[in-house]
Amino acid sequence: MKSFYVTSPIYYVNDVPHIGHAYTSLACDVLARFMRFDGYRVHFLSGTDEHGQKVAKAAALAGVDPQAFTDKVSQNFRALLPAMGCSNDDFIRTTEQRHKDSVQAIWRAMAARKTPKGNDNIYLGKYDGWYAVRDEAYYDESELTTGPDGKKRAPSGAEVEWVEEPSYFFRLSDWGDWLLEWYEKNPDAVGPATRRNEVMSFVKQGLHDLSISRTTFDWGIKVPGDEKHVMYVWLDALTNYITAVGYPNVESDLFKTFWPASVHMVGKDIVRFHAVYWPAFLEAAGLAPAKRVYAHGWWTNEGQKISKSLGNVIDPIKLIETYGLDQVRYFLMREVPFGQDGDYSQAAMIRRMNTDLANDLGNLGQRVLSFVAKNAGACVPTPGDFSDADRAMLDKAAALLAIVRADMAQQGFHKALDAVFAVVAEANRYVDAQAPWTLRKTDPARMATVLYVLMEILRRVALLLQPYMPTTMARLLDQLAVPTDARDASAWDKVLVAGTALPAPQGLFPRYVDPAAPVAGEGPKKK
Ligand code: ME8
């Protein structure tokens with residue numbers, strides 16, 4: 001069986017989860033569900049990043065011991081996944097023993113091997129330089145700017161502090177040529193293309209050795225053989241992706257099946273860690289780098305950066321309560337071309353719900369299914385000969401699987417939706433042109449053919465939208481009497497069977513009416 005391994009970042013447990021975290025996990029879920037639909041054995045991993053200074057500081061601020069703190073906050077991230085309808089196979093915490101063992105093993109493996117230039121991968125030195133706790137990242141003086149408050153800041157806006165401490169280094173400076181050759185040989189290794197270019201020009205500028213241990217605090221995994229040092233949190237965090245498939249047991253079924261990972265899905269803020277450091281660490285440890293890192297864009301809220309200090313963090317659970325799970329999933333995957341930055345606004349959310357879902361898809365389903373229930377004996381109609389218009393319609397829907405498959409391979413989630421909804425729009429035009437309500441009186445046999453064609457379109461559309469809107473599409477497939485074992489790609493051409501009895505139709509997507517909006521004849525309601 002073909003296999004597919006997709007990972008979300010593991011999120012820092014310093015804060016509550018917000019829409020940005022929900023977004024990345026959702027993108028992984030849509031991909032995982034599509035690949036399962038397409039016959040792959042899938043492993044979908046998410047989890048929490050619990051060590052390092054940032055989390056230690058958050059625990060101290062809360063006045064709680066870091067382990068107790070992470071136990072509590074990690075739970076919020078774990079709970080977000082089922083709330084978003086995510087089908088993850090595992091949830092990893094970096095404070096678990098399986099992970100500590102794995103991180104110490106990768107350290108030993110790196111230490112035991114040489115760089116492409118024949119030097120030791122790891123050596124002991126001293127770090128003197130800038131560090132941003134918010135990013136858990138080291139910065140070069142040349143990357144910093146000084147604000148009007150006199151504080152130095154990283155390009156991300158995070159404040160930096162001066163650090164001087166004994167540290168182990170990873171000899172990243174020896175890996176630049178190897179990395180450049182690797183990007184050249186593997187054009188899909190980093191996506192989208194803008195990120196790939198950004199990563200390659202960063203590497204071309206020359207790489208500095210990377211500090212991979214800290215000694216001024218102890219909330220981390222100890223360096224094997226030198227317990228005064230805890231490992232740099234990014235070496236610890238990135239290793240989660242192999243821990244979860246059984247590392248250091250490289251002979252395990254999970255490891256052999258799923259490593260190298262198919263896609264590490266990340267936000268654009270953490271590309272450098274995933275597309276520069278991580279492949280070098282893996283290769284240094286004698287392991288294959290992941291096949292692809294895909295970095296999506298950044299959400300703002302009504303035009304503003306999302307931040308706790310601005311008080312505009314969007315709680316995904318509240319969104320789901322207000323608009324419905326499948327509606328939120330659809331909106332997030334459709335509103336913004338995946339890979340680009342996007343803006344959340346309530347108006348855009350409601351527009352997508354009412355236009356694409358209620359008017360276009362919901363209405364098509366409702367029109368066809370209630371018409372069949374009333375006028376075609378509540379069972380799948382028996383088609384006669386297909387006209388050119390019928391065939392054109394059926395062919396467009398049949399072609400969708402290949403289109404969606406190709407889009408999914410490039411993480412073009414919005415493109416796949418565009419293609420499917422173009423067929424929905426075409427089907428709405430087809431209903432109007434064929435006018436089955438007129439045929440009912442003039443040509444019932446032709447009416448049956450038209451309704452059959454429309455139900456076939458709905459079947460194919462519903463099959464492909466399952467990864468995005470699993471609950472509603474399961475209901476639509478139920479209403480089309482598609483058996484549960486005929487809902488994956490292998491059943492793509494298994495057309496509806498004429499005469500199959502259909503359950504009573506139900507609405508799919510209610511129109512959203514803002515409860516605070518004025519109702520005709522009434523004054524505005526209080527929020
Ligand atoms: O970076 N828009 O964790 P983190 C879109 N622990 N995506 C957003 C977003 C926004 N406004 N805000 C956050 C870390 N994200 C590390 C990762 S992986 C080995 C270690 C998403 O909690 C996006 O995926 O800061 C981003 O990369 C991630 O959350 C950062 O999560």
Side-chain angles (χ1 to χ4, degrees), residues 6-29 45-56 58 70 73-74 76-78 80-81 84 86 91-95 99 102-103 106 132-137 154 156-158 195 220-221 231-244 261 263-279 281-282 290 293-310 312-316 332-333 335-344 411:
V6 57
T7 66
S8 83
I10 49 169
Y11 305 107
Y12 287 127
V13 287
N14 64 315
D15 211 345
V16 289
H18 67 65
I19 194 171
H21 309 116
Y23 183 57
T24 322
S25 300
L26 170 62
C28 295
D29 186 61
L45 174 72
S46 188
T48 43
D49 188 354
E50 306 193 1
H51 291 126
Q53 237 179 330
K54 172 160 161 154
V55 171
T70 57
V73 183
S74 173
N76 301 334
F77 284 89
R78 190 189 290 269
L80 177 66
L81 290 154
M84 284 298 297
C86 287
F91 183 90
I92 189 167
R93 299 182 53 193
T94 55
T95 48
H99 182 65
S102 164
V103 172
I106 198 176
V133 175
R134 201 182 85 187
D135 301 346
E136 295 282 20
S156 62
R195 301 291 160 218
I221 298 176
M231 278 182 230
Y232 174 39
V233 67
W234 270 101
L235 171 57
D236 167 343
L238 289 161
T239 303
N240 92 86
Y241 301 132
I242 53 175
T243 304
V263 182
H264 290 318
M265 191 74 78
V266 298
K268 66 179 185 181
D269 55 327
I270 55 177
V271 179
R272 194 182 287 185
F273 303 96
H274 283 82
V276 180
Y277 303 164
W278 184 224
F281 291 161
L282 284 164
V293 172
Y294 188 93
H296 64 65
W298 216 239
W299 281 92
T300 48
N301 182 3
E302 311 273 353
Q304 271 194 320
K305 180 175 175 329
I306 299 176
S307 94
K308 205 173 163 186
S309 53
L310 290 172
N312 66 349
V313 170
I314 302 168
D315 175 358
L332 290 173
M333 290 294 104
E335 182 65 8
V336 176
F338 200 69
Q340 292 177 26
D341 292 343
D343 185 44
Y344 172 81
Q411 291 73 53

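Note that ligands are numbered from 1 as they come in the structure, with each ligand's atoms numbered from 1 the same way. This chain uses plain numbering: 1 for the first residue, then up along the sequence. In what follows, every heavy atom counts, from backbone to side chain, and hydrogens, waters and symmetry copies are set aside.
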Name the orientation class of the two ring planes belonging to [X] and [Y] (parallel below 30°, tilted from 30 to 60°, perpendicular beyond 60°).
X      : Y      : value
Trp299 : Tyr23  : perpendicular
Phe281 : Trp278 : perpendicular
Tyr12  : Trp234 : perpendicular

Option with minimal heavy-atom separation from atom 19 (C) of ligand 1, where the choices are Tyr344, Tyr241, Trp299: Tyr241
Measure the distance from [atom] to every protein heavy atom, then report the residue, atom name and distance (to 0.1 Å) of the closest one.
atom                    : answer
atom 26 (C) of ligand 1 : Asp269 OD1, 3.3 Å
atom 31 (O) of ligand 1 : Tyr11 CD2, 3.6 Å
atom 3 (O) of ligand 1  : Tyr12 CD1, 3.3 Å
atom 5 (C) of ligand 1  : Gly297 O, 3.5 Å
atom 7 (N) of ligand 1  : His296 CE1, 3.3 Å
atom 13 (C) of ligand 1 : Trp298 CH2, 3.6 Å

Backbone of Ser46 reached by a side-chain donor or acceptor of Thr7 within 3.5 Å: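 Answer holds: no.
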Over all atoms of both residues, closest heavy-atom pair of Thr239 and Ile106: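 Minimum heavy-atom separation between Thr239 and Ile106: OG1-CG2, 3.7 Å.
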Distance from [X] atom [atom1] to [Y] atom [atom2], nearest 0.5 Å?
X      : Y      : atom1 : atom2 : answer
Asp236 : His51  : CG    : NE2   : 6.0 Å
Met84  : Leu332 : CE    : CG    : 5.5 Å
Glu136 : Phe273 : CD    : CZ    : 9.0 Å
Leu26  : Ser8   : CG    : OG    : 11.5 Å

Judging by distance only, is a nitrogen or oxygen of [X] under 3.5 angstrom from one on ligand 1?
X      : result
Ile10  : yes
Trp234 : no
Pro9   : no
Thr24  : yes
Asp49  : yes

Structural part of His274 in contact with ligand 1, heavy atom criterion under 4.0 angstrom: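 Contact part for His274 vs ligand 1: side chain (C-beta onward).
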Pair Leu238-Leu282, side-chain contact (heavy atoms from CB on, under 4.5 Å): steps then yes or no: CA-CA 10 Å; Leu238 289 161; Leu282 284 164; over 6 Å; no
Ligand 1 atoms in contact with His18 (distance to a heavy atom under 4.0 Å):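 By the 4.0 Å cutoff, the relevant atoms are 9 (C), 12 (N), 13 (C).
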Per-atom contacts, ligand 1 versus Ala237 - under 4.0 Å to a heavy atom: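 Those of ligand 1 that fall under 4.0 Å from Ala237 are 19 (C).
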